[in-house]
Number of protein chains: 2
Amino acid sequence: MSFFMMDKEFKDMVYEGLSKMLKAIANANRIEVIEILSQGEKSVEGIVQATGMTIANASQHLQVLKNNNIVKTRKDGHFVYYSLIGNEFLALHQHITRYAVNEIAELGKMVNRQRLVNDSQHAVSFDELELMIGEQNVLLVDVRPADEFASGHITGALSIPLEVLVTRLKDLTNENEIVAYCRGPFCMLADEAVKLLKENGYKARRLDGNYPEWKLRQLQLS
Amino acid sequence: MSFFMMDKEFKDMVYEGLSKMLKAIANANRIEVIEILSQGEKSVEGIVQATGMTIANASQHLQVLKNNNIVKTRKDGHFVYYSLIGNEFLALHQHITRYAVNEIAELGKMVNRQRLVNDSQHAVSFDELELMIGEQNVLLVDVRPADEFASGHITGALSIPLEVLVTRLKDLTNENEIVAYCRGPFCMLADEAVKLLKENGYKARRLDGNYPEWKLRQLQLS
DNA sequence: AACATATTCAATAAAAATATAGAATAATAG
DNA sequence: CTATTATTCTATATTTTTATTGAATATGTT
């Protein structure tokens, strides 16, 4: 007995706690919500629109995330706004998705196949981007919806949501290379944008990274 | 239709894949197995002994981990030996546990309370340890069971499993400070050892880290 | 070849997670 | 104060996960 017994009980409690936290993020709907919230805060209504879930179901999943300290809420008038609890969690989430894409063959293949279809294999790294910005021969385009751009974006980027890109083509110059970026590692908006741009004679590449990564990187730098 | 539809389906598939992987590690029994395997490979029998699970249940959980590319197997005679699939996963697992202890109040409190009980708050960092080793005024003790020591340990450490520490006290000199280490962040063996040593008039502290972390650190250095 | 041992498989019962629909709550506007 | 709107809560049916039991498989021993 004495301390071995206690140790056993303690360990069980700790493992229960850990698995409880992991269960909270081990659900496709909730992962989608987390991806959305990694762009910035959103109301329940906003999440429902972005995901297509029923409102009660979305609310229920948000409660699970809240009870497990993954998201926090802010109330304003009729609306309750949800956001990720902090950057520590965002960093963990990024690690999980990076691991999944790199190490789980099934998932990596899926993402690569999609990227091949979109014809934008040769992505630009953050370091390259900074060089290109220094030489001023790049046009950085944020192709996410306007509200996501509004709640945070890479400095110097131009907001052209994918839906309106076709109609805005005439405003773009042919001289500089265009670099498009969007959301998390599974977001294909930038790839679609690159495809469209290339078809119209522009020089375009995807950014190998996304807004949440950029945000974390800036925090680490400053 | 066109690409927005496809995007939606693609995303759903990716989120399903991610949640499938997370479900595999979102279970207290399987987390315990992962913790054990982060020390080195073990047979099914060995895992059963370490956890107290029934053999069929352990086997079933191991299948789940195997089907999700978290562990791999090696067959030798009657026995099937399980081990973690690679260091990428180990690093992710460490990130998850570190996050949980630091960011989930409930879990952090639990671990700290236990550490307080064990009277070994002032842990030695890896950097401190390297300094102390350089000055040769430290005795590094691995208090895990002998077989775990055998399958890998910090260079220069002495193996004294906690169970036999009382009987080996007479062999230890009083001159140097003793630093004890054990397994993952939830392992309290080192804390128990420090408590016991202090009660017997030795100068002793716990290492703020453990064998799996050391292994990863060495891999990153070399 | 017959047997013993370690592990996995298959079937089942129990427990937990999920989605849905409708009621309840809380905040605001008129 | 009442009506409206956004969100959460409650109850329920469905699906998924888990533990247990005993049978099946595979490997090595005599």
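Computed from a prediction, not measured in an experiment: that's the story for all the values here.
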What's [X] touching, base or sugar-phosphate or nothing? Going by heavy atoms closer than 4.0 Å.
X       : value
B:Gln63 : sugar-phosphate
A:Tyr81 : nothing
B:Ser59 : base

| request: With rounding to the nearest 0.5 Å, note down the distance linking CD1 in A:Ile34 to CG in A:Leu92. | output: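 So the gap between those two atoms works out to 9.5 Å.
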| If you round to the nearest 0.5 Å, how far is CG of B:Asp191 from CZ of B:Arg205? |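 Rounded to the nearest 0.5 Å, the CZ-CG separation comes out at 13.5 Å.
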Euclidean distance, atom [atom1] of residue [X] to atom [atom2] of [N] [Å, nearest integer]:
X       : N      : atom1 : atom2 : value
B:Arg30 : D:dT18 : CZ    : C1'   : 9 Å
B:Leu65 : D:dT17 : CG    : P     : 14 Å
A:Arg74 : D:dA6  : CZ    : P     : 16 Å

| request: Using the ring of B:Phe149 (Phe, Tyr or Trp, six-membered ring only), decide whether B:Arg144 places NZ or CZ under 6.0 Å from its centre and within 45 degrees of its axis. | output: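 No, B:Arg144 and B:Phe149 do not form such a contact.
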| task | Considering only heavy atoms of chain B and a distance under 4.0 Å, specify the first and last nucleotide of DNA chain C in 5' to 3' order that meet this criterion. | result |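 So the contact region on DNA chain C extends C:dT5 to C:dC9.
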| field | A:Val80 side-chain proximity, nearest of D:dC9, D:dT7, D:dT18 | value |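 Of the options given, the side chain of A:Val80 lies nearest D:dT7.
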| query | Which residue, A:Lys23 or B:Tyr82, contacts DNA chain C at a nucleotide closer to its 5' end, judged by nearest heavy atom? | reply |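 Its nucleotide being nearer the 5' end, the pick is B:Tyr82.
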| task | Applying side chain to side chain contact (heavy atoms under 4.5 Å, CB included) between B:Tyr15 and each of A:Ile31, A:Asn29, A:Asn27, A:Val33, report the one that passes. | result |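 When A:Ile31, A:Asn29, A:Asn27, A:Val33 are each tested with B:Tyr15, the side chain to side chain contact (heavy atoms under 4.5 Å, CB included) holds only for A:Ile31.
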| message | Quick check on A:Glu106: does its CD atom have over 12 non-hydrogen neighbours (other residues, nucleotides or ligands) under 6.0 Å away? | response |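 No, the 6.0 Å shell around CD holds no more than 12 heavy atoms from other groups.
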| Nearest-nucleotide 5' precedence on DNA chain D, B:Met53 against A:Gly46 |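 Per heavy-atom nearest nucleotide, the more 5' residue is A:Gly46.
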| request: Please tell me which of A:His78 and A:Gln60 maps to the more 5' nucleotide of DNA chain D, matching each residue to the nucleotide holding its nearest heavy atom. | output: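 It is A:His78, whose closest nucleotide lies nearer the 5' terminus.
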| message | Is B:Lys75 close enough to D:dA26 that one of its side-chain N or O atoms is under 4.0 Å from OP1 or OP2 there? | response |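 Checking B:Lys75 against D:dA26: no side-chain N or O falls below 4.0 Å of OP1 or OP2.
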| Regarding A:Asn210 and A:Glu213, is there a side-chain donor-to-acceptor distance under 3.5 Å anywhere? |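 Yes, A:Glu213 and A:Asn210 have a side-chain donor paired with an acceptor closer than 3.5 Å.
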| Do A:Glu148 and A:Arg183 sit within salt-bridge range, that is, some charged N less than 4.0 Å from a carboxylate O? |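 Judged by the 4.0 Å cut-off on N to carboxylate O distance, A:Glu148 and A:Arg183 do form a salt bridge.
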